[in-house]
S.K.: 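Could you have a look at this structure, given as structure tokens, before my questions?
Read the numbers this way: they start at 1 and go in the same order the structure lists the ligands and their atoms.
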Amino acid sequence: MSPAPFDPAALPASVRLETGEGGLPVVRVDGSRGSAELYLHGAHLTRWTPADGRPVLWLSAASLFTEAKAIRGGVPICFPWFGANPLDPGAPAHGFARLAEWELVAARDDGETVTVSLRLADSPATRATAWPHRFEALYTVTVGARLTLALTVTNRDTDSVSFEEALHSYLAVDDIRATEVTGLEGAPYLDQLAGMSVGTETGPVRFGAETDRIYLDTPAATAVTEGSGRTVGITTQGSHSTIVWNPWMAKAASMGDFGDDEWTGMVCVESANVRENRVRLEPDQSHTLTAVFDVAG
Ligand code: TA6
């Protein structure tokens, strides 16, 4: 039985449910240690700013805010498949979760952090896709001096299921050409630009061209360091894959919801479970993917 709808009147003072871009419902958080913006459309976090800092997430000025399209930037949730669906090439890339309307089910302010929870369950629309299983997803966003994202998926089906998932985080950087990603040294990767050919990371990831790699069996911690010296650390639990992406000039220009020159100011470092790291659940089993973002410098 689905829980009673959340009463927006019960929101703490630091949390407001409002109408955002494109008329889409948005949860705005103004906590003592950080602020954020979370759309119910796709449970899409579009902004997080620590109280004494500058915005950490990147959002395209050209992003669309419509029900038919994923928001470009912030943290899209890829679920229950990543990229194209091999069983249904016509299905939306990265699954249906980032296009679905999630339900606000809880909000709490404990003084230091503000926690907001959104829920998505199977529906006739999801059961009509190439992934027709019964499930429940709970997404908890904790906003403060650090940001914690936790995606818990429960198998509500009578058979075992498997799925892919990614917190497809877009981080703002001052210049991608002076940015490096550490923590993936020695990890095997699939190059999405070279027919999924296999490579092994030999050092910090640096950027001189379009980059689109799926790292497998990755450790729990990566860090993104900009030229200015600011470092965003990402510490995960329940995540065994990491995707690193920058579209560079030509791909950026080819995307209608991405500004032609915006490629210099972002990098995606995504906490995920894809391909052989996909998650398998027996009936009533749950899995949680957690990513904690810390900023230094
Ligand atoms: O995560 C990297 C990636 O899979 C790239 O291949 C690129 O397509 C990016 O995601 C964005 O995908 P989207 O469907 O949001 O345009």
S.K.: Return the closest protein heavy atom for atom 8 (O) of ligand 1 as residue, atom name and distance.
M.R.: Lys251 NZ, 3.8 Å
S.K.: Going by the closest heavy atom to atom 15 (O) of ligand 1, which one wins out of His168, Glu270, Arg98?
M.R.: Arg98
S.K.: Under a 4.5 Å side-chain heavy-atom rule over Ile, Leu, Val, Met, Phe, Trp and Tyr, are Leu99 and Leu40 clustered together?
M.R.: no
S.K.: Please report the C-alpha distance between Arg213 and Gln192 in whole Å, then the side-chain angles of each, then the deciding distance to 0.1 Å, and finally whether the side-chain contact (heavy atoms from CB on, under 4.5 Å) criterion is met.
M.R.: CA-CA 6 Å; Arg213 295 181 187 157; Gln192 298 214 82; over 6 Å; no
S.K.: Could you tell me the residue and atom name of the protein heavy atom closest to atom 5 (C) of ligand 1, and the distance to it rounded to 0.1 Å?
M.R.: Asp212 OD2, 3.1 Å
S.K.: Looking only at N/O atoms, are Arg72 and ligand 1 under 3.5 Å apart anywhere?
M.R.: yes
S.K.: What's the verdict on side-chain contact (heavy atoms from CB on, under 4.5 Å) for His287 and Glu165, showing C-alpha distance, side-chain angles and the deciding distance?
M.R.: CA-CA 11 Å; His287 172 273; Glu165 57 184 356; 3.2 Å; yes
S.K.: Are Leu151 and Leu104 grouped together when hydrophobic residues (ILVMFWY) are joined by side-chain heavy atoms under 4.5 angstrom apart?
M.R.: yes
S.K.: Under 3.5 Å, is there a donor-acceptor pair linking the side chains of Thr142 and Thr113?
M.R.: no
S.K.: Taking only heavy atoms of Ile243 into account, list the atoms of ligand 1 that are under 4.0 Å away from them.
M.R.: 1 (O), 2 (C)
S.K.: Distance under 4.0 Å to a non-hydrogen atom of Phe82: what atoms of ligand 1 satisfy this?
M.R.: 1 (O), 4 (O)
S.K.: Suppose we measure from atom 12 (O) of ligand 1 to each protein heavy atom; which comes out shortest, and what is that distance?
M.R.: His94 NE2, 3.4 Å
S.K.: Which atoms of ligand 1 have any heavy atom of Gln192 under 4.0 Å away?
M.R.: 4 (O), 6 (O)
S.K.: Is any side-chain N of the basic residue among Arg275 and Glu164 closer than 4.0 Å to the acidic one's carboxylate O?
M.R.: no
